[in-house]
Amino acid sequence: MRQIKLLLCILAVTGTVFTTACKKDGLTIRQSAVGLTLTPPAGLQNVRTSNVVLVFKESNSGVDSTFHMNGNTPPAITLPDGSYEVTLEGDVEYELDDVKYSRKIRGHKQGVAVSGGTVTLDIPLFLYDETAGLVFKEIFFTGTVTPEGKQYNGDKYFIIYNNSEDTLYADGLVIAEAAFLSTTKREYDPNVMPEAFTPGAMVMIPGKGTEHPIYPGKQIVVANNAINHKEYNPNSFDLRKSELELTLLGSINVDNPEVPDLVNMNGFMTMHNRGFKSYIVGRLPEGTTIDKYKEENKYTYSYIQTNGTPRYVDGYKFPNSWIIDAVNLSVPAVFEWILTAPELDMGWTYCGKVDSDDGRYGKSVRRAVLSTNPDGRVILKDTNNSTKDFEAEAKPSLMQ
Amino acid sequence: MAILGAALTAGAQDSMPVRLIREQTSPVVFLRDEVYASPALKVYQRENTWSRLSASFRHSDQELYLQQEGSGRQTFNVHSETYLKPGPKATVWGQAYYSNEELYKVKFNETADYQLVYPYVMADSVGGDLKSETYAFAGGLAKAVGAYQLGFQAGFKGLQTYRDRDPRPENISSVISLGLSASRKVTERYTLALDLSGLKYGQNNKLDFVSELGYPLVYHEAGLGAYNEFLAGARTKASFQGLGYGVALNFVPVQYKGWFARAGYNHLNIGKRLTDIIDDISVIHENTLNGAVGYMFDADRRHFIAELRAATVKREGIEARFINTGGANGVQKIAEDVRYVHDVATFRFRTVYGRSGGAIDWFAGLEAGYEDNAQQYVMPNRELSYSQMLIGADITARKQLGGIMLSLNAKAQRQENLESTGRWNDVSPQRAIFTMLNSNFAYLTASGMNYGGGLRADFRLTGKVSCFISADAAYHSGIERKDLRVTTAFQF
């Protein structure tokens, strides 16, 4: 009798637990309410926003949440807890000195933590202008691959395009590569990004002002080495017709004496072949020499290394007001932040979806065509958002 | 064949350890061994003591398979095992083995011990064949102390998996297990045992590439093909640390006649970390409940056992969300949620009846099973669920022919999928993950017939040493699985 009681006891406990355990639960995840405020640019009066589209991109899941707003009252927003990149685009009407204006307005914020039930978020807004002169039409930074499967780097290039209806001159143009990486976000101190770009390598197109004209709808090619690369790599192309060429590190530089060289302002422009850096094209103010620029814009920034100690680095500032065009580059799988103020470029483009993607070679980023004028002049898309303006992983235009 | 020839000669001169072989080849004993698996019940597990050294070769391949585990494997195994009663009050057991394996077509998984750490494996869409080596040893001791049997057992298993071409995983894992148990007779015929168990798990999971041109996306799977984009890319070093514990209660007859019951609970936690991130990126919590009830008798050359088993396993995957502050603390955890759940409920009934001592020994078995299996992932919402049943019958025949004891077994089973749901609408059909999910779904929900059979020949080799050679083969029509195993062993 005793053993039967024990047996029944074990069976009863097991049965009860099984009945409970077999019930399936629905899955829910934590969400937080976002209290949003939009701060218009300083000095504007009677600001009225309309047709505003807000996109919250959660960087862990990659999921976009889109909200629409008409008027100045932000919508009620509830989001799954996470880390967000917020972009805003819309129309704005405002008054300045008793004159009414209608413009486009934008806002952008990276690394927004949404958790804990409620979050307040302020997004500073800025005006932007879609008209521009010289723009990067194409950046070919990946290089090519030889038939033996080796990397080939000397055939990279920039193409700068005149997107205006006036003849512009490339003399004195500065092309600069970011000192930072779009795949490694750091808290740099001081943070100069709102007012300046921090360049690493910088090169300048030589000339006295009118030596390198770029006619409306025309372009110049700035090659790494302006030679016929097909002689060395059948998978590459002929860059002998480039208007200009860089002076690279001695070990990889091949000079074409018939093509003018750019002036190296700071270091050598090797162009990161995985696309971790950003590029700007700009111009020093009238009468500013390279030495004077470097003297007046030198600064020291620091960041905390992974071992907890600070690292101090000497660099330069290139004021945002001197910048004509900017393109942020990164890699989707390892992107962490953009390296320019969002007023210059609030997006980014890429070649290769993952770090060291072996499919990136022989691909470039090319600016999309907006329209073609009756005179045949092509207008390229330039909304200061490289995500929308550029075709990622495009076929290089110089590849036959 | 030379060994077999020698055995035939020797076998004619010496008698074989017939009782031991009968025990080892009895389907009733196979099932009964699990009833007496508790360290404090080991004394009752077998009537005969034995030690064995065996080597085996196994090859399997299949058309439908879980991509993360591969399409088959080839295994060489050397195994030693012992079960002894050195004194009237003590029982000792132990085993050690080495396995060298090649796993075929493993994709979307660059981590070892998939069944332990899933779904949180490091993954890419390339994969390939994997090499694997396992070293394991375990042992235990049970002793009668007054009215009690006290048992203790411990074990270690070390595993390394690697590949010699890109992508190149190099994974090393270990499991240390410990068990404590006490039993006491509650009546003359029955005893009650309480088991406590624990395990510690660890794995270093590393992936390398040597290609100069680059490599594919490496990501950290979070369940049903979902992964954290923030952590995808170049994070190729991970580690797992886990702890588990369990408790079980066993009620068994001491002389192979009577009712038996078992109830147990196990809990397992495994956390996964990546280099440079302080917090766990994911944690597994798994709760297992299992129970069994049955009846056995072994008398008058008649052997019978019937058992109904049930188990539920609930695995919850807690996934963290991170933000890159860019500051001294770098990547920080800002949220976590249960995003993955896997529920499994299984019920299985098996009975075997046999007669021995006649012209031929025979056993006939019947079995039936039911499984309800559901995986869910939230945001994006995905689901893979199915239920299936299994019905089968088997027969074993045994006869002594001169100096050789031959055992022959055959089985047939029908596995039938009853219901299935696969939902991953957010995944583009162009993506490799879509193909993986569909392939896994086809494997998990396949119906078909399973056939299997085996032959074992036992003979005395010399003195107290006997030997056996066995061959088993199986075919599963639903997944086109072919499985072959050959084993040879020395016993004394």
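For A:Arg360, the part sitting under 4.5 Å from any heavy atom of chain B is the side chain, from C-beta outward, and nothing else. For A:Gln110, no part lies under 4.5 angstrom from a heavy atom of chain B. Within the 4.5 angstrom heavy-atom criterion, no atom of A:Tyr303 approaches chain B. A:Val112 touches chain B through its backbone: at least one of N, CA, C or O sits under 4.5 Å from a heavy atom, while the side chain does not. With a 4.5 Å cut-off on non-hydrogen atoms, A:Val63 does not touch chain B at all. Of the atoms belonging to B:Tyr219, not a single heavy atom falls under 4.5 Å from chain A. A:Pro332 does not touch chain B: none of its heavy atoms, backbone or side chain, sits under 4.5 Å away. Proximity to chain A is absent for every atom of B:Glu319, based on heavy atoms less than 4.5 angstrom apart.
With respect to chain B, the highest number of heavy-atom pairs below 4.5 Å among A:Ser61, A:Ser115, A:Ala113 belongs to A:Ser61. Contact count versus chain A (heavy atoms, under 4.5 Å) is highest, among B:Ala222, B:Ser211, B:Ala320, B:Ala232, for B:Ala232. In terms of non-hydrogen atom pairs under 4.5 Å with chain A, the most contact-rich of B:Val313, B:Ile334, B:Val378 is B:Ile334.
Side-chain atoms of B:Asp337 do not come within 3.5 Å of backbone N or O of B:Arg339 as any donor-acceptor pair. Side-chain N or O atoms of A:Asp345 include one that pairs as donor or acceptor with a backbone N or O of A:Asn328 at under 3.5 Å. Proximity of a side-chain donor or acceptor of B:Arg273 to a complementary backbone N or O of B:Ile278 within less than 3.5 Å is detected.
Checked against B:Phe251 for a ring-ring contact (aromatic ring centres under 6.0 Å, His included), the options B:Trp259, B:Phe260, B:Tyr190 give a single hit: B:Tyr190.
With ring centers used as reference points, B:Tyr256 lies under 6.0 Å from B:Tyr36.
The shortest distance between side-chain heavy atoms of B:Tyr215 and A:Asp358 does not fall below 4.5 Å.
Both tests pass for A:Lys317 against the ring of A:Tyr299: distance under 6.0 Å to the centre and angle within 45° of the axis.
Using cut-offs of 30° and 60° on the angle between ring planes, the pair A:His229 and A:Tyr152 is perpendicular.
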